[in-house]
There are 2 protein chains.
Amino acid sequence: MDCENTRNTYQRKVVLEELKKTTAHPTADELYEAVRKRLPNISLGTVYRNLEILSACGQALKLDLGEGKKRFDATTKPHYHLRCIKCGKVIDVPYVPLDKEIENHVKGMGNFKITSVQVHFEGICEECLKKK
Amino acid sequence: MDCENTRNTYQRKVVLEELKKTTAHPTADELYEAVRKRLPNISLGTVYRNLEILSACGQALKLDLGEGKKRFDATTKPHYHLRCIKCGKVIDVPYVPLDKEIENHVKGMGNFKITSVQVHFEGICEECLKKK
DNA sequence: ATCGGTGCAAAGGTTTTGCAGGCGG
DNA sequence: CCGCCTGCAAAACCTTTGCACCGAT
């Protein structure tokens, strides 16, 4: 994607601002609802298009945790995610440099070049542990 | 899921047989096309239902590699997957016990209980490396 | 005979896209 | 002005589901 020829539209600005306000890793639809409070006429398609551009240009992360829908994250520095199997919440897991370690383990195990490693966790979050 | 009260229908048998014939990690639709050569009247819904039952009962794996569709694998023993970013092919990566190692790294880094770790790789497969 | 499974088609949920008009640089 | 972007709506895509009938046990 060509990130030089993108324009700073107000809609894109608000989408990114609202994404930065939360740590809940919203879906496109959830973010659409949040953005609509400020821009009642924005369309869901515009939210999708802007999330696509923002994540392609390094200003957001697109997450797929196997739920059948994507989530988005304004925190672009390396970290992992844990999805709670009880309440569905997605929380951040602090970064430890697993990627390089994994690549070292797998290196030489086949004739392919690894460009990225996806790691995510499933488990039970702090709150759901307390409830039980 | 209740795996005791399942019946051995011919459709389910053929779905599993066709899945076992390939290492290409087919999607439900791709498997539907393969099965249809033997059972021209089978429906896509039946393929989905059987893949759901087979994976829930440990006879197949359901994979989500972030493509917006699920893939299926008759190899249920532990291994990883690499999706080629050039040709889209999914190939097996031999198992090394990354899961436990990762859990050891992350253990104690937050108040949550990890129940599973998903790891998958993106990269370039042998054939596409040669082409370049 | 029971009750899980099937085929068909419709519906469901998420994401993409065609189009005409709007606006940022 | 140019051409990227927007809103709207339809479509695309993958998957699930309701229904009546079928067939495995």
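Throughout, protein chains are lettered first and strands after them, A, B, ... in sequence-line order, and every chain is numbered starting at 1.
- B/Lys69 has its NZ atom 9 Å from the P atom of D/dT15, to the nearest Å.
- Ring geometry for B/His25 versus B/His79: interplanar angle of 30 to 60°, hence tilted.
- Checked for salt-bridge contact, A/Glu18 and A/Lys21 meet the test: a charged N lies under 4.0 Å from a carboxylate O.
- Residues A/Thr46 and B/Thr46 each lie close to DNA chain D; by heavy-atom proximity, the contact nearer the 5' end of the strand is made by A/Thr46.
- Looking at the side chain of A/Arg49, the nearest of the listed nucleotides C/dG18, C/dG22, C/dT14 is C/dG18.
- Put simply, B/Asn8 has no side-chain N or O that comes within less than 4.0 Å of OP1 or OP2 on C/dG4.
- Within 4.0 Å of B/Thr6, counting heavy atoms only, lie sugar-phosphate atoms of the nucleic acid but no base atom.
- Computed from coordinates, the B/Tyr48 OH to D/dC13 P distance equals 13 Å when rounded to whole Å.
- Following rounding to the nearest Å, B/Asp64 (CG) and C/dG13 (C1') show an atom-to-atom distance of 15 Å.
- In the interface, the side chain of B/Arg7 is paired with the base of C/dG4 through a donor and an acceptor atom under 3.5 Å apart.
- Contact annotation for A/Leu44: base contact, defined as any heavy-atom pair under 4.0 Å involving a base atom.
- Contact annotation: A/Gln11 reaches the phosphate of D/dG7 (side-chain N/O to OP1 or OP2, under 4.0 Å).
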